[in-house]
Student: 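Below you will find the structure I want to go over with you.
Only this structure's heavy atoms are used, side chains among them; waters, hydrogens and symmetry mates stay out.
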Amino acid sequence: YFVMFYKKILKKNSNNLNVSVVTKKKNFKNAVQRNFCRRRFKGILTEITKKVSLNFNYSYLILAKKESALKKNCFDDIKKTMFAEFNKIR
């Protein structure tokens, strides 16, 4: 459903979390689909920030891969895999 990259930022002065969600026009033809997918991932990210202690010294990039991320029944799968990935990074 997605690919996640992360890298440690050496000189960081603020306490803000750097997370970018990218949906390509090649994968999601319609702007409505791209925005829906972005909102879905950002909604999951807000839950993750509340439940998992994230390292603010890292910058995260999430690339949405397929249109299958838009299906209603796969939301729980995306959520589980995202929680698992962020728990690995800690």
Side-chain angles (χ1 to χ4, degrees):
Y1 301 110
F2 65 92
V3 176
M4 187 167 66
F5 298 102
Y6 59 95
K7 186 174 182 179
K8 189 168 186 173
I9 302 172
L10 298 177
K11 296 180 182 179
K12 186 173 178 189
N13 297 328
S14 65
N15 290 330
N16 296 331
L17 182 63
N18 294 332
V19 179
S20 301
V21 178
V22 178
T23 54
K24 292 183 182 180
K25 196 172 191 179
K26 182 179 177 181
N27 296 342
F28 302 94
K29 306 290 186 212
N30 196 350
V32 174
Q33 292 176 343
R34 288 192 298 273
N35 292 334
F36 178 75
C37 188
R38 225 179 272 130
R39 282 194 310 268
R40 180 174 266 189
F41 280 114
K42 285 183 180 181
I44 295 171
L45 283 169
T46 55
E47 289 183 34
I48 289 173
T49 54
K50 291 176 184 175
K51 295 181 181 177
V52 177
S53 61
L54 295 176
N55 193 345
F56 287 97
N57 294 327
Y58 281 89
S59 178
Y60 304 96
L61 174 67
I62 298 171
L63 299 172
K65 279 183 94 174
K66 304 177 193 174
E67 257 184 55
S68 63
L70 298 174
K71 293 181 182 174
K72 292 181 182 179
N73 57 357
C74 72
F75 181 76
D76 292 330
D77 294 337
I78 295 171
K79 195 175 185 180
K80 286 178 190 174
T81 55
M82 223 172 195
F83 267 98
E85 291 298 318
F86 275 103
N87 281 328
K88 286 181 191 176
I89 295 171
R90 286 193 303 161

Student: Transitively linked via ILVMFWY side-chain contacts under 4.5 Å: Ile9 with Ile89?
Tutor: no
Student: Applying a strict under-4.5 Å side-chain criterion to I, L, V, M, F, W and Y, I'd like to know whether Leu61 and Phe2 cluster together.
Tutor: no
Student: Answer yes or no: is there an ion pair linking Glu47 with Lys50, defined by an N-O contact shorter than 4.0 Å?
Tutor: no
Student: In terms of relative ring orientation, are Tyr60 and Tyr6 parallel, tilted or perpendicular, with 30° and 60° separating the classes?
Tutor: tilted
Student: Provide the closest heavy-atom pair for Thr46 versus Thr49 in the form atom of the first, atom of the second, distance.
Tutor: O-OG1, 2.8 Å
Student: Taking atom CG of Asn57 and atom NZ of Lys7, what is their separation to the nearest 0.5 Å?
Tutor: 14.0 Å
Student: Flag yes if Ile48 and Leu63 sit in one hydrophobic cluster, no otherwise; membership is Ile, Leu, Val, Met, Phe, Trp, Tyr, and two members link when side-chain heavy atoms are under 4.5 Å apart.
Tutor: no
Student: I need the single residue from Leu45, Val22, Thr23 that forms a side chain to side chain contact (heavy atoms under 4.5 Å, CB included) with Ile62. Which is it?
Tutor: Leu45
Student: Does Phe56 share a hydrophobic cluster with Met82, counting links as ILVMFWY side-chain heavy atoms below 4.5 Å and allowing steps through other members?
Tutor: yes
Student: I'd like to know if Val3 and Ile44 are part of one continuous hydrophobic network [Ile/Leu/Val/Met/Phe/Trp/Tyr, side-chain heavy atoms within less than 4.5 Å].
Tutor: no
Student: Among Gln33, Arg40, Arg38, which residue satisfies the side chain to side chain contact (heavy atoms under 4.5 Å, CB included) criterion with Phe36?
Tutor: Arg40
Student: Within the side chain of Asn27, is there an N or O that forms a donor-acceptor pair under 3.5 Å with the backbone of Lys65?
Tutor: yes
Student: Just so I know, are the side chains of Ile78 and Phe41 near enough to count as touching, which here means a heavy-atom distance under 4.5 Å?
Tutor: yes
Student: Report the distance from atom NZ of Lys42 to atom SG of Cys37, rounding to the nearest 0.5 Å.
Tutor: 11.5 Å
